[in-house]
Peer 1: 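Have a look at this one.
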Amino acid sequence: MPMINIKFDDQKVKDNEVIVLSKAIIKIVQEATNISEVFVYADSPRIKIGVAPIEVFIEMSASKVENKEDLFQAIKEPLSKWRKENDFKHPITITLTPVNWKFEVDI
């Protein structure tokens with residue numbers, strides 16, 4: 001299941017804007033990956049030095065990523081379109097990281 005971590009500068013970006021973005025990015029990643037279990041953690045670090053207004057980190061199992069560049073484009077293009085259609089004024093930085101992790105739910 002893809003995990004999305006959003007870091008944002010709370011001096012430039014409001015919480016409600018991050019909530020709207022979070023809901024949109026969940027749908028975009030679900031469509032790009034065909035995985036319904038996508039979730040977001042979003043926060044603003046207490047200390048911020050030289051950060052972008054919004055940074056989106058998408059981590060998912062490397063075994064689910066057939067072609068990293070294709071998947072990146074399948075996320076980036078609809079996100080860019082969504083940003084324009086919704087007049088979302090903040091620039092967004094995206095990082096896609098395939099991860100070799102092991103996890104277990106409901107231990």
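For clarity, every value in this text was computed on a predicted model and none was experimentally measured. All residue numbers refer to positions in the sequence shown, counting from 1.
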Peer 1: Same cluster or not: Ile28 versus Met3, using hydrophobic residues (I, L, V, M, F, W, Y) connected whenever any side-chain heavy atoms lie under 4.5 Å apart?
Peer 2: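 No.
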Peer 1: Is any side-chain heavy atom of Leu71 closer than 4.5 Å to a side-chain heavy atom of Glu66?
Peer 2: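 No - every pair of side-chain heavy atoms lies 4.5 Å or more apart.
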Peer 1: Any side-chain heavy atom of Ile54 within less than 4.5 Å of one from Ile6?
Peer 2: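 Yes, at least one pair of side-chain atoms sits under 4.5 Å.
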Peer 1: Going hydrophobic residue to hydrophobic residue with side-chain gaps under 4.5 angstrom, can you get from Tyr41 over to Met1?
Peer 2: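 Tyr41 clusters together with Met1.
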Peer 1: Crowded around Phe39 CZ? As in, over 12 foreign heavy atoms under 6.0 Å?
Peer 2: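 Enclosed: over 12 neighbouring heavy atoms sit under 6.0 Å from CZ of Phe39.
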Peer 1: Kindly give the cluster partners of Ile49, where membership spreads through any ILVMFWY side chain lying under 4.5 Å from a current member.
Peer 2: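 Ile49 shares its hydrophobic cluster with Ile47.
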Peer 1: Would you call Arg83 and Ser80 a side-chain contact if the rule is heavy atoms closer than 4.5 Å?
Peer 2: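 Not touching, per the 4.5 Å side-chain cut-off.
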Peer 1: Look up atom CG in Asn5 and atom CD1 in Ile58, then write down how far apart they are to the nearest 0.5 Å.
Peer 2: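 Output value for this atom pair is 10.5 Å.
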Peer 1: For residues Glu55 and Thr95, determine if any side-chain heavy atom of one lies less than 4.5 Å from a side-chain heavy atom of the other.
Peer 2: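 When only atoms from C-beta onward are counted, Thr95 and Glu55 do not touch, as no gap falls below 4.5 Å.
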Peer 1: What is the minimum heavy-atom distance between Trp101 and Ser61, and which atoms define it?
Peer 2: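 Heavy atoms only, the tightest pair is NE1-OG, 2.9 Å.
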Peer 1: Among residues at least two apart in sequence or on other chains, which ones pass side-chain contact (heavy atoms from CB on, under 4.5 Å) with Asp70?
Peer 2: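 Only Asn67 meet the side-chain contact (heavy atoms from CB on, under 4.5 Å) criterion with Asp70.
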Peer 1: Decide yes or no for Val56 and Val40: does some side-chain heavy atom of the first lie under 4.5 Å from some side-chain heavy atom of the second?
Peer 2: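 Side chain of Val56 against side chain of Val40, heavy atoms only: no contact under 4.5 Å found.
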Peer 1: State, to 0.1 Å, how close Ala52 and Thr93 come at their nearest heavy-atom pair, and which atoms those are.
Peer 2: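 Heavy atoms only, the tightest pair is CB-OG1, 3.9 Å.
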Peer 1: Is the number of heavy atoms from other residues, nucleotides or ligands within 6.0 Å of NZ (Lys48) greater than 12?
Peer 2: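 Yes, because the 6.0 Å sphere around NZ of Lys48 holds more than 12 heavy atoms from other groups.
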Peer 1: Contact between Pro98 and Met60 at the side-chain level, heavy atoms closer than 4.5 Å - yes or no?
Peer 2: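 Contact flag for Pro98/Met60 side chains = no.
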Peer 1: Linking I/L/V/M/F/W/Y whenever their side-chain heavy atoms sit closer than 4.5 Å, directly or via other members, would Val51 and Ile4 fall into one cluster?
Peer 2: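 Result: no, two separate clusters.
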Peer 1: List in chain and number order the residues that pass salt bridge (Lys or Arg N to Asp or Glu O under 4.0 Å) with Lys81, two or more places apart in sequence or in another chain; answer none if no residue qualifies.
Peer 2: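 Testing Lys81 for salt bridge (Lys or Arg N to Asp or Glu O under 4.0 Å), a comparison that skips the adjacent residues, returns Glu85.
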Peer 1: Can you give the donor-acceptor pairs under 3.5 Å from side chains of residues 30-38 to other protein atoms, not counting sequence neighbours?
Peer 2:
| residue | atom | partner | partner atom | Å |
| --- | --- | --- | --- | --- |
| Gln30 | NE2 | Ser36 | O | 2.8 |
| Thr33 | OG1 | Val29 | O | 2.7 |
| Thr33 | OG1 | Ile35 | N | 3.2 |

Peer 1: For residues 11-20, tabulate all N or O donor-acceptor pairs below 3.5 Å that involve a side-chain atom, not counting sequence neighbours.
Peer 2:
| residue | atom | partner | partner atom | Å |
| --- | --- | --- | --- | --- |
| Glu17 | OE1 | Lys14 | N | 2.8 |
| Glu17 | OE1 | His90 | NE2 | 3.2 |
| Glu17 | OE2 | His90 | NE2 | 3.2 |

Peer 1: Write out all pairs satisfying ring pair (Phe, Tyr, Trp, His ring centres under 6.0 Å) with one or both partners inside residues 46-82, taking only residues at least two apart or from two chains.
Peer 2: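 Applying ring pair (Phe, Tyr, Trp, His ring centres under 6.0 Å) to every pair that reaches into residues 46-82, excluding sequence neighbours, yields Trp82-Phe88.
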Peer 1: Say you draw a straight line from NZ of Lys76 to CD1 of Ile92; how long is it, rounded to the nearest 0.5 Å?
Peer 2: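 That separation rounds to 12.5 Å.
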Peer 1: To the closest 0.5 Å, what do you measure between NZ (Lys68) and OG1 (Thr97)?
Peer 2: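 OG1 of Thr97 is found 7.5 Å from NZ of Lys68.
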